[in-house]
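Written below as structure tokens is the structure these notes are about.
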Amino acid sequence: MRTRLIAGNWKMHKTATEAVEFVYEFRKVVPISPTIDILLAPPFVSLYAVQQAMTTDDRFALAAQNLHWEAEGAFTGEISGAMLQALGCSSVIVGHSERRQLFSESNEEVNKKVKAALKHKLLPIVCVGETLEEREAGHTQAIVKDQLIKGLSGLDVENISTITIAYEPVWAIGTGRAATVEQAEEVHAFLRSIVTSEWGSVAQDVRIVYGGSVSPQNAEALFHCTDIDGALVGKACLDPTSFASICRLAAQASY
Ligand code: PGA
């Protein structure tokens with residue numbers, strides 16, 4: 001059975017001092033549950049401070065929001081998987097739609113980043129999702145399939161089993177307009193069918209989480225779906241209490 005994952009993508013929010021304050025507050029309210037994994041993904045400059053503030057008892061682990069595919073070199077402003085691994089990150093978000101749209105990240109670059117993450121023992125959370133125009137034109141499945149196949153190209157079954165896929169419809173991110181449970185479940189089931197046809201039964205081990213305006217109000221219904229294995233949370237993860245509420249709902253929900 002898959003373990004649900006709740007990941008908080010802080011995006012470009014909070015200074016290092018605020019990040020540490022978050023950890024202290026979150027620790028007081030986070031549910032103690034062996035049935036879910038919880039990740040905090042602060043900005044690069046806060047990773048060290050958060051890692052230092054964490055204890056071995058903490059019920060959450062550290063993730064980064066991006067990485068470069070090379071281990072080192074003349075890439076001004078970039079951060080490598082080797083550096084993230086050395087900082088204690090266990091996971092990294094790859095191919096978030098903001099990276100794709102605002103920084104022109106291609107499926108080929110996503111693939112290079114996924115491979116670099118795996119090389120450095122970072123579990124990749126690979127984001128896919130369609131825009132509103134693409135959905136309205138009936139292209140959702142074609143778009144997410146293309147992103148998935150190209151993003152995970154060349155991975156073997158062993159690697160695939162460690163991947164988390166995040167379905168994040170672009171129109172639902174930061175808009176307060178989450179996908180309906182039916183819309184999300186339909187795409188999640190489709191994504192799992194793609195993984196099955198490409199890599200076989202390992203698809204049952206692959207976590208597929210939903211992202212896009214997840215909140216304490218709408219999370220419970222999402223978590224009861226068979227193919228929704230958790231959430232990638234943006235805005236609602238910035239407040240320790242609301243992020244803990246979402247974690248609690250995931251811990252309580254049955255598949
Ligand atoms: P949101 O962001 O929860 O603020 O919509 C989700 C994401 O971008 O991962």
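All ligand and atom numbering here is 1-based and tracks the order in the structure.
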What heavy-atom pair brings F22 and D239 nearest, and what distance separates the two atoms? CE1-C, 4.0 Å
Set of residues satisfying ring pair (Phe, Tyr, Trp, His ring centres under 6.0 Å) with respect to W69, sequence neighbours excluded: none
Among all residues two or more places apart in sequence or in another chain, which pass the ring pair (Phe, Tyr, Trp, His ring centres under 6.0 Å) test with H188? Y167
Transitively linked via ILVMFWY side-chain contacts under 4.5 Å: L249 with L5? no
Report yes or no: do H96 and Q65 form a side-chain donor-acceptor pair below 3.5 Å? no
Could you pull out every donor-acceptor pair under 3.5 Å between side chains of residues 137-145 and any protein atom, sequence neighbours left out?
none

Would you mind writing out a table of all protein N or O atoms found under 3.5 Å from any N or O atom of ligand 1, naming both atoms and giving the distance to 0.1 Å?
from: ligand 1; atom 1: 2 (O); to: K11; atom 2: NZ; distance (Å): 3.3
from: ligand 1; atom 1: 3 (O); to: S213; atom 2: N; distance (Å): 3.4
from: ligand 1; atom 1: 3 (O); to: G234; atom 2: N; distance (Å): 2.8
from: ligand 1; atom 1: 4 (O); to: K235; atom 2: N; distance (Å): 2.9
from: ligand 1; atom 1: 5 (O); to: G174; atom 2: N; distance (Å): 2.7
from: ligand 1; atom 1: 5 (O); to: S213; atom 2: N; distance (Å): 2.7
from: ligand 1; atom 1: 8 (O); to: K11; atom 2: NZ; distance (Å): 2.7
from: ligand 1; atom 1: 8 (O); to: H96; atom 2: NE2; distance (Å): 2.6
from: ligand 1; atom 1: 9 (O); to: H96; atom 2: NE2; distance (Å): 3.3
from: ligand 1; atom 1: 9 (O); to: E168; atom 2: OE1; distance (Å): 3.3
from: ligand 1; atom 1: 9 (O); to: E168; atom 2: OE2; distance (Å): 2.7

